[in-house]
Amino acid sequence: QVQLVESGGGLVQAGGSLRLSCAASGSIVSINANGWYRQAPGKQRELVAAINSYGSTNYAASVKGRFTISRDNAKNTVYLQMNSLKPEDTAVYYCNVVLIVRGTTTRRDYWGQGTQVTVSS
């Protein structure tokens with residue numbers, strides 16, 4: 001079994017910073033890609049940032065220059081550093097991991113439970 005645990009959400013003032021963490025545990029052979037998504041009330045879930053197995057990153061235009069995705073392979077943990085937060089960043093943030101479970105040869109997607117980020121003006 002594989003479990004993802006998210007942490008780091010909370011309430012901050014505009015201009016502040018938060019760092020989200022997503023730790024994967026269990027029978028993991030390899031992690032191929034990580035991503036952070038967010039969903040605001042009444043809105044579709046959208047990709048915020050992604051990183052692949054080579055370390056290449058991709059960001060939504062709305063967060064580029066403010067957010068940074070990174071990964072610690074030894075800890076099977078992905079981070080999202082969020083700086084210069086704006087009220088429009090308010091959403092539930094979800095981590096996504098594409099990995100291979102031990103004993104299998106196929107890639108599967110796993111999702112974190114979500115963590116609330118609220119930015120006040």
Side-chain angles (χ1 to χ4, degrees):
Q1 297 286 349
V2 174
Q3 299 83 38
L4 303 183
V5 179
E6 293 186 38
S7 62
L11 173 64
V12 298
Q13 294 182 348
S17 298
L18 285 173
R19 189 180 74 160
L20 306 183
S21 299
C22 180
S25 62
S27 301
I28 301 169
V29 173
S30 63
I31 295 177
N32 298 102
N34 302 94
W36 287 96
Y37 294 73
R38 68 186 181 188
Q39 187 166 21
K43 301 292 183 65
Q44 296 274 356
R45 186 175 298 187
E46 64 174 344
L47 176 68
V48 176
I51 185 168
N52 67 15
S53 60
Y54 299 101
S56 297
T57 57
N58 186 42
Y59 297 92
S62 60
V63 308
K64 195 168 187 177
R66 299 188 296 121
F67 291 9
T68 303
I69 186 171
S70 62
R71 182 176 61 224
D72 186 332
N73 292 324
K75 297 180 180 179
N76 285 335
T77 300
V78 63
Y79 305 94
L80 184 67
Q81 179 67 46
M82 304 184 294
N83 298 326
S84 302
L85 283 162
K86 304 175 181 179
E88 50 263 45
D89 295 318
T90 296
V92 177
Y93 284 71
Y94 299 89
C95 69
N96 173 260
V97 179
V98 180
L99 55 80
I100 297 175
V101 178
R102 190 171 69 183
T104 75
T105 57
T106 58
R107 301 196 307 170
R108 296 187 62 183
D109 288 349
Y110 290 85
W111 291 88
Q113 79 280 7
T115 185
Q116 177 71 47
V117 171
T118 302
V119 184
S120 62
S121 60

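Taking hydrophobic clusters as Ile, Leu, Val, Met, Phe, Trp and Tyr residues chained together by side-chain heavy-atom distances below 4.5 Å, Ile69 shares a cluster with Phe67. At a threshold of 4.5 Å between side-chain heavy atoms, the hydrophobic network of Ile, Leu, Val, Met, Phe, Trp and Tyr places Val78 and Leu99 in two separate groups. Note on Val97: it does not cluster hydrophobically with Val92, by side-chain heavy-atom contacts below 4.5 Å among ILVMFWY residues. Taken together through direct or relayed side-chain contacts under 4.5 Å among Ile, Leu, Val, Met, Phe, Trp and Tyr, Val63 and Tyr37 form parts of separate hydrophobic clusters. Cluster annotation: Val48 and Tyr110 are assigned to distinct hydrophobic clusters (Ile/Leu/Val/Met/Phe/Trp/Tyr, side-chain heavy-atom contacts under 4.5 Å, transitive).
Applying the disulfide (SG to SG under 2.5 Å) definition to pairs two or more places apart or across chains, none involves residues 24-76.
At least one donor-acceptor pair closer than 3.5 Å links the side chain of Arg71 to the backbone N or O of Asn52. Side chain of Gln113 to main chain of Glu6: a donor-acceptor pair is present (N/O by atom type, distance under 3.5 Å, no hydrogens or angles). With hydrogens and angles disregarded, a donor-acceptor distance shorter than 3.5 Å links the side chain of Thr77 to the backbone of Lys75. A donor-acceptor contact shorter than 3.5 Å is absent between the side chain of Thr68 and the backbone of Gln81.
In this structure, Gln13 CD and Ser121 OG are separated by 9.5 Å, a value rounded to the nearest 0.5 Å. Atom CH2 of Trp36 sits about 12.5 Å away from atom CD1 of Ile51, to the nearest 0.5 Å. Atom CD1 of Ile100 sits about 13.5 Å away from atom OG of Ser27, to the nearest 0.5 Å.
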With side chain to side chain donor-acceptor pair (under 3.5 Å) as the criterion, how do Ser53 and Asn32 come out once you've worked through the C-alpha distance, each side chain's angles and the decisive distance to 0.1 Å?
CA-CA 5 Å; Ser53 60; Asn32 298 102; 5.3 Å; no
Criterion side-chain contact (heavy atoms from CB on, under 4.5 Å) on Asn96 and Asp109, from CA distance to verdict
CA-CA 7 Å; Asn96 173 260; Asp109 288 349; 3.9 Å; yes
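For the pair Val117/Leu20, a side-chain contact is recorded, criterion being any heavy-atom separation below 4.5 Å from C-beta on. A heavy-atom distance below 4.5 Å is found between the side chains of Ile31 and Asn76. At least one side-chain heavy atom of Asp89 sits less than 4.5 Å from a side-chain heavy atom of Arg38. Taking the side chain as every heavy atom from C-beta outward, Leu85 and Leu18 approach each other to under 4.5 Å. Residues Met82 and Tyr93 form a side-chain contact, since some pair of their non-hydrogen atoms from C-beta on lies under 4.5 Å apart. With a 4.5 Å cut-off on side-chain heavy atoms, Leu47 and Asn58 count as touching. When side chains are defined from C-beta on, Tyr79 does not count as touching Asn34, because their heavy atoms never get closer than 4.5 Å. Side-chain contact between Cys95 and Leu4 is present, with at least one heavy-atom pair separated by less than 4.5 Å.
For the residue pair Pro87 and Ala14, the shortest heavy atom distance occurs at CD-CB, 4.2 Å. For the pair Tyr94 and Gly112, the tightest heavy-atom approach, listed with the atom from each and the gap, is CD2-O, 3.8 Å. Summarising the geometry of Ala49 relative to Leu80, their closest heavy-atom pair is CB-CD1, 4.1 Å, with the distance given to 0.1 Å. What you find for Gln39 and Lys43 is that their closest heavy atoms are NE2-O, 3.1 Å.
A cation-pi arrangement is present between Arg45 and Trp111, with the terminal nitrogen or guanidinium carbon under 6.0 Å from the aromatic centre and inside a 45° cone about the axis.
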